[in-house]
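Notes to accompany the following structure.
Reminder, nothing fancy here: chain letters follow the sequence lines and each chain counts from 1. Keep in mind that what you see is a predicted model, and the values were worked out from it rather than measured.
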Amino acid sequence: MDTPEWPATEAEAVAVQERLRGQVRAEAPSGFRPKTATGLDVHYTDVLTAAVCTIDLETLEVVDSATCVGPESFPYIPGLFAFRELPLLLRALEQLTTPPEVLVCDGQGLAHPRRFGLACHAGVLTGIPALGVGKNALGDFDPPGPRRGDWSALTDGGEVVGRALRTQDDVKPVFVSVGHLVDLDTATDLVLRLTPRYRLPETTRQADHLARR
DNA sequence: GCGACAG
DNA sequence: ATCTTGTCGC
């Protein structure tokens, strides 16, 4: 992949988001039936460790993984989160043996103040379908029903930008949004398939585990 | 103006 | 994100 342009200032980063967000496609390719999903996560110590982990959607077993260590590329600023982690994550993705079919990002996609969160950014730069699963939301939502699979709309400025999705009975929901080349129904379905047992997707859990070693 | 703010 | 023990439950 080409080396992405990387901003040095907050204003430049915002400008990059506003220029790239027009490329987001909130629609899955026809016949999109991924057999695997790839989780992305970063662990913070004195340096960053990025881990990516591909999981078989049928067995939920890890079939491929890679890690990458390096410095942060940008300070953490809410709304500009992707600029901190993405360069390292992209390097880790390049080390995978098999090309990812869909990226499951730890954070938001369209559920972002400028509609261009980490999942959109990762999807647009790689051209790979992507979705975001956040542990916390930036927008507004009413609590979904109490059972696994129940969901409610996540909105921002009156616009639906994602879903608050209950992945386990009586457990705090996760926040699902489109990143790129998927629709919200497909994203929701994938997240439920990845969460038969725990609140967070198996992709995120495995990537997190990998990044801590 | 003040506080809140994905990870 | 991270600083941190024990404890309850499957």
Side-chain angles (χ1 to χ4, degrees), chain A residues 6-7 10-11 13-14 16-18 20-21 24 38-53 67-93 103-125 130-141 148 152-157 159-165 167-180 184 187-188 191 195-201 203-213:
Chain A
W6 225 245
E10 190 166 340
V14 170
V16 169
Q17 291 181 328
E18 297 192 326
L20 293 182
R21 67 179 174 184
V24 170
T38 300
L40 287 61
D41 192 38
V42 174
H43 190 245
Y44 298 67
T45 51
D46 50 332
V47 293
L48 307 191
T49 302
V52 295
C53 198
T67 60
C68 197
V69 176
E72 63 178 24
S73 325
F74 201 82
Y76 171 68
I77 300 170
L80 300 177
F81 173 49
F83 294 97
R84 181 157 152 102
E85 305 196 334
L86 212 36
L88 208 55
L89 286 169
L90 295 176
R91 280 173 51 201
L93 284 173
L103 307 178
V104 180
C105 300
D106 192 17
Q108 319 297 333
L110 290 175
H112 174 277
R114 285 172 295 279
R115 309 290 179 267
F116 199 73
L118 173 66
C120 299
H121 211 144
V124 165
L125 291 188
L131 60 99
V133 181
K135 295 183 282 292
N136 294 289
L138 293 171
D140 309 309
F141 65 99
R148 165 174 158 83
S152 58
L154 175 62
T155 63
D156 184 36
E159 186 181 346
V160 174
V161 294
R163 288 175 183 168
L165 174 68
T167 55
Q168 297 297 317
D169 293 353
D170 302 310
V171 168
K172 174 178 173 169
V174 298
F175 303 91
V176 180
S177 59
V178 166
H180 187 47
L184 196 45
T188 302
V191 172
T195 52
R197 162 87 218 225
Y198 297 101
R199 177 186 178 231
L200 297 178
T203 37
T204 308
R205 301 184 70 250
Q206 295 294 342
D208 179 79
H209 189 229
L210 200 57
R212 289 175 187 276
R213 339 194 82 221

Would you say that [X] contacts [Y] through its side chain, given a criterion of any heavy-atom pair below 4.5 Å between the two side chains?
{"X": "A:His43", "Y": "A:Leu210", "value": "no"}
{"X": "A:Val52", "Y": "A:Arg91", "value": "no"}
{"X": "A:Leu131", "Y": "A:Val104", "value": "yes"}
{"X": "A:Thr167", "Y": "A:Val191", "value": "yes"}

Salt bridge check, A:Arg205 against A:Asp41: does any charged N sit closer than 4.0 Å to a carboxylate O? no

Heavy-atom protein contacts under 4.0 Å, nucleotides 3-10 of chain C, coded B base, S sugar-phosphate only, - none: --------

Per-nucleotide protein contact along nucleotides 1-7 of chain B, 5' to 3', at a 4.0 Å heavy-atom cut-off (B base, S sugar-phosphate only, - neither), is ----SBB

Shortest non-hydrogen contact from A:Cys53 to A:Gln206? SG-CB, 3.6 Å

Looking only at non-hydrogen atoms, find the nearest pair between A:Ala82 and A:Trp6 and report the distance. O-CZ2, 4.1 Å

Kindly say whether the aromatic ring centers of A:Phe83 and A:His121 come within a distance under 6.0 Å. yes

Between A:Phe141 and A:Phe175, is the gap from one ring center to the other below 6.0 Å? yes

Output row for DNA chain C, stems defined as at least 3 consecutive Watson-Crick or G-U pairs under 3.5 Å, is none

Quick one: do A:Leu20 and A:Leu125 satisfy side-chain contact (heavy atoms from CB on, under 4.5 Å)? Show the steps, please. CA-CA 9 Å; A:Leu20 293 182; A:Leu125 291 188; 4.3 Å; yes

